[in-house]
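Notes follow once the structure below has been shown.
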2 protein chains.
Amino acid sequence: MKKGIAHTTEEAIQPVATEAYLPGLSVDNVIFGFHADQLKVLLLECRNRKDWMLPGGYIRKDESVDDAAKRVLQDRSGLKNVYLQQFSVFGETRRTKESVMRSAMKSLDITFKDGDWFNQRYVTIGYYALVEFEKVKPTPDTFSVSCAWFDLNALPTMIFDHKEIVEQALVALRQHLHYKPIGYSLLPSTFTMKSLQAIYETILQRKLDRSNFNRKMLSLGILEKKEKLFTGAAHKAPYQYSFNKKEYFRLLKEGFGMPF
Amino acid sequence: MKKGIAHTTEEAIQPVATEAYLPGLSVDNVIFGFHADQLKVLLLECRNRKDWMLPGGYIRKDESVDDAAKRVLQDRSGLKNVYLQQFSVFGETRRTKESVMRSAMKSLDITFKDGDWFNQRYVTIGYYALVEFEKVKPTPDTFSVSCAWFDLNALPTMIFDHKEIVEQALVALRQHLHYKPIGYSLLPSTFTMKSLQAIYETILQRKLDRSNFNRKMLSLGILEKKEKLFTGAAHKAPYQYSFNKKEYFRLLKEGFGMPF
DNA sequence: TCAAAAGTGTTAGCCATACACCCATGC
DNA sequence: GCATGGGTGTATGGCTAACACTTTTGA
């Protein structure tokens with residue numbers, strides 16, 4: 001608020017240089033990861049409060065909204081070049097609450113005045129990201145004391161309308177599943193059909209037939225079968241697959257029809 | 001800019017009372033109508049310029065973003081309670097151009113300074129609406145001299161990225177067609193199956209089989225057959241239908257799968 | 001009686017679903 | 001060899017797609 005403009009990546013939600021950002025606008029990312037057959041969301045634990053929030057940030061005056069979302073994603077997870085999709089705007093008048101802002105400011109040595117940067121109405125643009133769980137380095141920001149994964153079925157209490165944003169993101173993701181390939185940035189470069197199926201099953205919240213899932217996926221022509229076999233368990237070794245990047249992104253752009 | 005705040009509906013894009021609006025944010029509506037077997041878009045002819053623009057406006061500090069879009073829709077078309085769907089945010093840094101703003105201001109007796117209200121970067125939230133063509137009363141705003149329908153295949157030159165916004169809206173509409181019913185606010189309260197089919201055909205840009213379309217639509221259970229027959233032409237009279245509003249909106253919320 | 005458009009019926013083929021059966025592996 | 005999980009095959013039912021046939025109406 002008093003300091004000059006710091007142009008590092010990690011200036012995201014810093015209470016400095018508010019003149020560098022668009023007023024009243026923010027982005028919030030719902031970052032999905034996949035671990036132990038469960039979908040997880042990356043959340044931040046609020047400083048000085050008992051609740052959690054989505055990784056979010058403001059939009060610099062010289063960057064696009066998409067770029068702001070990318071920057072936030074990279075700052076909190078260490079990752080870039082992952083699937084990041086804008087899905088909805090949250091623009092209710094009273095979605096942010098002064099009381100929450102106030103307590104969040106307390107620890108940060110910020111004078112809280114009416115009409116202040118943090119005390120204005122915020123419209124936020126929701127994005128969801130699909131990331132490879134293992135590769136993420138959870139990193140809290142200035143407003144938070146920790147950054148951790150949560151199971152979708154066991155979300156903590158969250159500030160503002162952030163829980164609703166998570167739910168909407170899941171709805172959007174489920175929709176997209178019907179006409180877009182999923183898995184590229186969620187899985188390691190090589191994976192088994194079983195783990196891919198597990199992703200679909202957790203997102204859709206229901207079991208799919210193993211045989212039919214196999215056939216369908218292969219028919220899309222986005223998978224490359226590695227003849228190399230995995231080993232170590234007391235059963236037949238599964239094939240390893242990787243995505244044919246070119247075909248994958250062609251389908252991502254063009255869309256298709258999934259039976260479920 | 002000098003006058004006080006006028007709280008009529010028709011203050012939308014007025015250059016007065018800029019303090020009443022959220023800075024740097026706007027909504028733009030792609031209003032689709034259906035006429036003569038063609039999809040039309042409602043556009044505004046810019047004052048002092050040779051190009052056209054989408055009906056848009058700013059967001060009042062005491063209204064939600066959705067409400068702002070509704071207000072703009074009502075001001076330009078006279079309609080409310082129609083299908084209005086947010087579909088994307090347009091947030092590139094250079095999407096609005098100073099030169100365009102400048103010429104638009106010229107006729108309005110507005111001093112144009114750097115850092116001025118109209119000379120800032122704008123992020124806009126795109127909505128599309130489906131309206132009953134016949135019911136619309138096209139009404140220009142302060143920045144425009146006329147308001148008229150355009151065929152989607154014959155759009156005029158448009159300011160900023162507005163043509164791209166129209167195209168994106170059409171893409172979104174086409175997507176939604178696959179899992180949501182369409183037609184309610186596009187058609188009169190009573191209509192024929194042929195006109196409903198025509199809507200689907202123009203949105204999808206391809207012919208559909210009459211017989212199969214019939215069967216599919218009826219199987220959704222959102223249509224009520226009026227035994228009253230239409231008359232006047234040299235052929236068999238078609239049935240009239242109307243939507244079962246309750247079922248229609250249930251499906252709109254839940255979604256379903258369309259074969260095409 | 002003919003043309004045009006609407007209503008209805010029918011068939012073939014595809015595809016999702018369900019399930020069965022074989023293969024590989026470690027204990 | 002047996003349990004476990006992976007790979008592959010197949011039958012059934014349902015639905016789409018295509019098209020044929022009938023009905024209604026005004027000219």
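First the proteins, then the strands, lettered A, B, ... as listed; each starts at 1.
- If you take CG of B:Asp209 and P of D:dA20, they are 12 Å apart, rounded to a whole angstrom.
- Straight-line distance from the CZ atom of B:Phe213 to the P atom of C:dA5: 18 Å, rounded to whole Å.
- If you check D:dG7, D:dT16, C:dA18 against the side chain of A:Arg215, the one that comes closest is C:dA18.
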Please list each protein N or O that sits under 3.5 Å from an N or O in nucleotides 20-26 of chain C, with the distance.
| residue | atom | partner | partner atom | Å |
| --- | --- | --- | --- | --- |
| C:dA24 | N3 | A:Lys236 | N | 3.2 |
| C:dT25 | O4' | A:His235 | O | 3.4 |
| C:dT25 | O2 | A:Ala234 | O | 3.2 |

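- Annotation: side-chain hydrogen bond (donor to acceptor under 3.5 Å, both in side chains) contacts involving residues 28-38 of chain A, sequence neighbours excluded, comprise A:Asp28-A:Thr124.
- The NE2 atom of A:His176 sits 13.0 Å away from the CZ atom of A:Arg174 when rounded to the nearest 0.5 Å.
- As rounded to whole Å, 11 Å separates atom C1' of C:dA6 from atom CE of B:Met193.
- Between the CD atom of B:Gln197 and the P atom of C:dA5 there is a distance of 13 Å, given to the nearest Å.
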For B:Ser211 and B:Asn214: C-alpha separation, side-chain torsions, deciding distance, then whether side-chain hydrogen bond (donor to acceptor under 3.5 Å, both in side chains) applies. CA-CA 5 Å; B:Ser211 166; B:Asn214 252 314; over 6 Å; no
Could you walk me through whether A:Lys40 and A:Phe133 satisfy the side-chain contact (heavy atoms from CB on, under 4.5 Å) test, starting with their C-alpha distance in whole Å, then the side-chain angles of each, then the deciding distance to 0.1 Å, before giving a yes or no? CA-CA 8 Å; A:Lys40 309 278 186 179; A:Phe133 183 89; 4.1 Å; yes
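- Between D:dT8, D:dA17, D:dG9, one nucleotide has an atom nearer to the side chain of A:Tyr239 than all others, and that is D:dT8.
- To the nearest 0.5 Å, atoms CG (A:Leu218) and CZ (A:Phe213) are separated by 9.5 Å.
- For A:Lys225 and A:Tyr239, the positive end sits near the middle of the six-membered ring, less than 6.0 Å away and at most 45° from its axis.
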Distance-only donor-acceptor pairs under 3.5 Å for side chains of residues 164-171 of chain A, two or more places apart:
none

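- Residues passing the side chain to side chain donor-acceptor pair (under 3.5 Å) test with A:Arg250, sequence neighbours excluded: A:Glu247, A:Glu254.
- Contact annotation: B:Lys216 reaches the phosphate of D:dT16 (side-chain N/O to OP1 or OP2, under 4.0 Å).
- Looking at residues two or more places apart in sequence or on another chain, you find no salt bridge (charged side-chain N to carboxylate O under 4.0 Å, His left out) involving A:Glu45.
- For the pair B:Tyr200 OH and D:dA17 C1', the computed distance is 18 Å after rounding to whole Å.
- Going from atom CG of B:Asn212 over to atom C1' of C:dG9 covers 12 Å, rounded to whole Å.
- Taking five base pairs at each end of the helix from C:dT1-D:dA27 to C:dC27-D:dG1 and finding the rotation axis that steps the C1' atoms of four pairs onto the next four gives two axes whose angle is 10°, to the nearest 10°.
- Atom-to-atom, CE of A:Met217 to P of D:dT8 comes out at 16 Å; the value is rounded to the nearest Å.
- In this structure, A:Leu218 places its CG atom 11 Å from C1' of D:dG7, rounding to the nearest Å.
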